Every structure is written in structure tokens, then in C-alpha cells.
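One structure is given below, encoded as C-alpha cells.
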Amino acid sequence: MRLRFITALMIWGASCFGAAASGGKSTLIAQIETGGQNEFGDERHAVKVDDCQLTTYRWKNVPDEGWVLWTSFDVPMMLVDLKENELTQEIDYFFLVETDPQSTLIFLNGRDGFEFTHEKPFHRKPKGEFTRSPRGDGTTHYFEKKSEVFIMHQGPDVQEKALLFTNAYVQYVRDFCSYTS
């Protein structure tokens with residue numbers, strides 16, 4: 001009887017832990033996506049997390065064309081780190097630029113030179129080898145490979161958004177995208 005009780009307790013505990021872990025996962029994804037969203041002036045930013053893949057989006061309002069996807073990164077979160085800020089003890093993973101409007105920079109670095117996909121429109125001339133994106137039948141966008149990029153936000157509340165994004169990103173990768181998670 002005691003063995004059945006202990007077994008039932010273990011099964012119940014495992015199911016509770018699984019539910020808590022999935023709730024933690026969805027909470028962290030929501031924090032990453034909220035922190036990665038920004039709109040100011042003629043730019044919009046968003047990020048999407050799909051399991052351990054982060055995709056960033058930056059649209060620019062181009063005269064006579066409307067909103068154009070200006071840049072997008074596909075980042076395998078397990079292979080890309082946030083650059084640590086060694087300039088200030090208060091900020092771990094982003095850089096605050098005291099301008100008007102205030103700006104933040106979050107640098108993404110491929111581990112050991114790992115390169116990930118960076119999509120751009122042909123409004124921006126390719127700086128080397130590229131492949132055409134299927135977007136616009138291959139006529140509007142192209143892919144380059146990068147090992148380091150940055151996300152820049154401007155406007156009100158960008159420091160709070162960068163803090164939310166970076167803290168959640170680091171925790172999410174540690175909990176759900178590492179070999180030990």
C-alpha cells in the first residue's frame with residue numbers, strides 16, 4: 001500500500017513539474033517576444049520564438065512602398081549568445097545609448113564563428129555572397145550569412161524592453177535549448 005502511495009505521489013509530482021515547466025516555457029517565450037517588440041518613427045520590430053529558433057523582424061516604412069521587411073535573422077538559440085556588456089555592472093547583455101530618443105543595442109554572436117541567416121531587401125546592396133530569398137519570387141529579398149548582428153530599438157521604454165528580452169533569452173536558452181535542459 002505504501003509503495004502504491006509513493007508511486008502515485010511520484011506520478012502526480014512529475015505531472016505537476018511538467019505543467020510548471022511548460023508554463024515557464026510559455027512565459028519566457030512571451031517575455032522574449034514582448035521585449036523584442038518595438039515601434040518608433042518609421043520602424044517596427046518583432047521577434048518570434050519557435051522552440052529553440054528565434055526569428056527577428058524589422059520593417060521600415062519606405063516612401064511610396066509602405067512597410068518593407070528591412071532585416072530578419074533566423075537564430076538557432078543554442079548556437080548564438082548575447083554579447084556581454086563589460087562597460088557597466090548594471091547591464092549584463094545590452095548596451096544603452098544615451099541619445100534622444102534613447103536607444104538600446106543587443107548583439108547576437110554565433111558561437112565559434114557559427115553563421116546564421118540574415119535576410120535583407122535589395123534596397124540594401126549585398127556586401128558579398130548571397131542567395132535569393134523566396135520572398136517576392138526571389139526579386140525583392142536575399143540571404144547573407146552572418147556570425148554577428150545586433151538588434152537596435154529606439155524610443156520610450158527601450159531599456160525595460162531590452163532587459164526583459166535579454167533576461168528571458170538567457171533563462172530560456174539555459175532551461176530549454178541547452179544539452180542539459
Side-chain angles (χ1 to χ4, degrees), residues 26 28-83 85 87 91 93-111 113-170 172-173 177:
S26 61
L28 288 171
I29 289 172
Q31 291 173 350
I32 292 167
E33 291 179 352
T34 299
Q37 185 176 356
N38 192 56
E39 186 168 345
F40 187 78
D42 67 348
E43 292 190 11
R44 292 178 180 162
H45 298 258
V47 299
K48 179 77 179 141
V49 177
D50 182 15
D51 195 28
C52 289
Q53 183 78 15
L54 174 77
T55 304
T56 70
Y57 303 95
R58 174 182 165 214
W59 296 274
K60 190 169 183 165
N61 196 357
V62 177
D64 301 324
E65 293 185 52
W67 292 101
V68 173
L69 180 65
W70 203 249
T71 192
S72 179
F73 314 126
D74 283 322
V75 177
M77 296 168 80
M78 195 165 103
L79 299 174
V80 175
D81 293 320
L82 300 179
K83 181 177 181 177
N85 182 346
L87 302 176
I91 302 173
Y93 295 106
F94 67 92
F95 297 81
L96 182 63
V97 184
E98 291 294 344
T99 56
D100 187 26
Q102 194 174 54
S103 302
T104 56
L105 295 165
I106 300 169
F107 290 88
L108 303 162
N109 296 327
R111 289 186 190 156
F114 174 79
E115 293 183 324
F116 46 92
T117 304
H118 184 187
E119 185 177 13
K120 298 179 186 179
F122 278 110
H123 292 79
R124 303 167 67 186
K125 290 191 180 238
K127 297 176 186 169
E129 291 186 31
F130 69 92
T131 56
R132 292 183 180 275
S133 164
R135 190 180 309 277
D137 296 330
T139 60
T140 62
H141 288 75
Y142 63 94
F143 296 118
E144 291 181 331
K145 292 292 191 175
K146 298 284 179 119
S147 61
E148 180 177 290
V149 294
F150 65 89
I151 300 169
M152 180 175 149
H153 287 176
Q154 290 183 302
D157 304 322
V158 293
Q159 184 173 358
E160 292 81 5
K161 289 177 185 180
L163 188 61
L164 180 66
F165 176 90
T166 56
N167 286 343
Y169 183 96
V170 169
Y172 185 86
V173 170
C177 302

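It should be emphasised that the depicted structure is a prediction, and the values quoted were computed from it without experimental measurement.
We find the OG1-NZ distance between T166 and K83 to be 15.0 Å, quoted to the nearest 0.5 Å. Of the inter-residue distances, the one linking F107 atom CZ with L82 atom CG reads 11.5 Å to the nearest 0.5 angstrom. In this structure, the separation between OG on S103 and CD on Q159 is 11.5 Å, given to the nearest 0.5 Å. Put simply, CD on E119 and OG on S133 are 3.5 Å apart, with the number rounded to the nearest 0.5 Å. Interatomic distance, NZ of K48 versus CD1 of I32, reported as 11.0 Å (0.5 Å rounding).
Listed by chain and residue number, nothing satisfies the side-chain hydrogen bond (donor to acceptor under 3.5 Å, both in side chains) test with E33 (two or more places apart in sequence, or in another chain). Legend: residues meeting side-chain hydrogen bond (donor to acceptor under 3.5 Å, both in side chains) with T139, ordered by chain and number and at least two apart, are absent. Qualifying salt bridge (Lys or Arg N to Asp or Glu O under 4.0 Å) partners for E39, counting only residues two or more places apart in sequence or in other chains: R44. Residues forming a side-chain hydrogen bond (donor to acceptor under 3.5 Å, both in side chains) with S72 (at least two apart in sequence, or on another chain): none. Partners of R124 under the salt bridge (Lys or Arg N to Asp or Glu O under 4.0 Å) rule, at least two apart in sequence or in another chain, do not exist in this structure. Take N109 and apply the side-chain hydrogen bond (donor to acceptor under 3.5 Å, both in side chains) test, not counting sequence neighbours, and it matches no residue. Annotation: side chain to side chain contact (heavy atoms under 4.5 Å, CB included) contacts of D42 (sequence neighbours excluded): K60, N61. Evaluation of the side chain to side chain contact (heavy atoms under 4.5 Å, CB included) rule for E129 yields no partner, not counting sequence neighbours. For F122, the side chain to side chain contact (heavy atoms under 4.5 Å, CB included) partners at least two apart in sequence or on another chain are P126, F130, R132, Y142. Listed by chain and number, the residues in a side chain to side chain contact (heavy atoms under 4.5 Å, CB included) with E43 are H45, R58 (sequence neighbours excluded).
Exactly one of L163, V170, N85 qualifies for a side-chain contact (heavy atoms from CB on, under 4.5 Å) with Y93. That residue is V170.
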Exercise for review: Before giving the answer on side chain to side chain contact (heavy atoms under 4.5 Å, CB included), spell out for V149 and F116 the whole-Å C-alpha distance, their side-chain angles and the decisive distance to 0.1 Å.
Suggested key: CA-CA 10 Å; V149 294; F116 46 92; 3.6 Å; yes
Review point. V49 and M77: side chain to side chain contact (heavy atoms under 4.5 Å, CB included), yes or no, with the steps?
Key: CA-CA 9 Å; V49 177; M77 296 168 80; 4.2 Å; yes
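Sorted by first and then second residue, the salt bridge (charged side-chain N to carboxylate O under 4.0 Å, His left out) pairs involving residues 145-158 (not counting sequence neighbours) are E144-K146.
When all heavy atoms of S147 and G113 are compared, the closest pair comes out as CB-O, 3.9 Å. Closest heavy-atom contact between P101 and Q154: CG-CB, 4.2 Å.
Using a 4.5 Å cut-off on side-chain heavy atoms (C-beta onward), F94 and I151 make no contact. In this structure, the side chains of Y169 and V75 come closer than 4.5 Å at one or more pairs of heavy atoms. Here the side chains of V62 and W70 are in contact, with some heavy-atom distance below 4.5 Å. The shortest distance between side-chain heavy atoms of F143 and P134 falls below 4.5 Å.
Between the side chain of T71 and the backbone N or O of H118, no donor-acceptor pair lies under 3.5 Å. One N or O on the side chain of H141 and one on the backbone of L69 form a donor-acceptor pair closer than 3.5 Å.
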Counting only pairs under 3.5 Å, give me each side-chain donor-acceptor contact of residues 50-57, with atom names and distances, residues two or more places apart or in other chains.
unit_1	atom_1	unit_2	atom_2	d
D51	OD1	K25	NZ	3.3
T55	OG1	D74	OD1	2.9
T56	OG1	F73	N	3.1

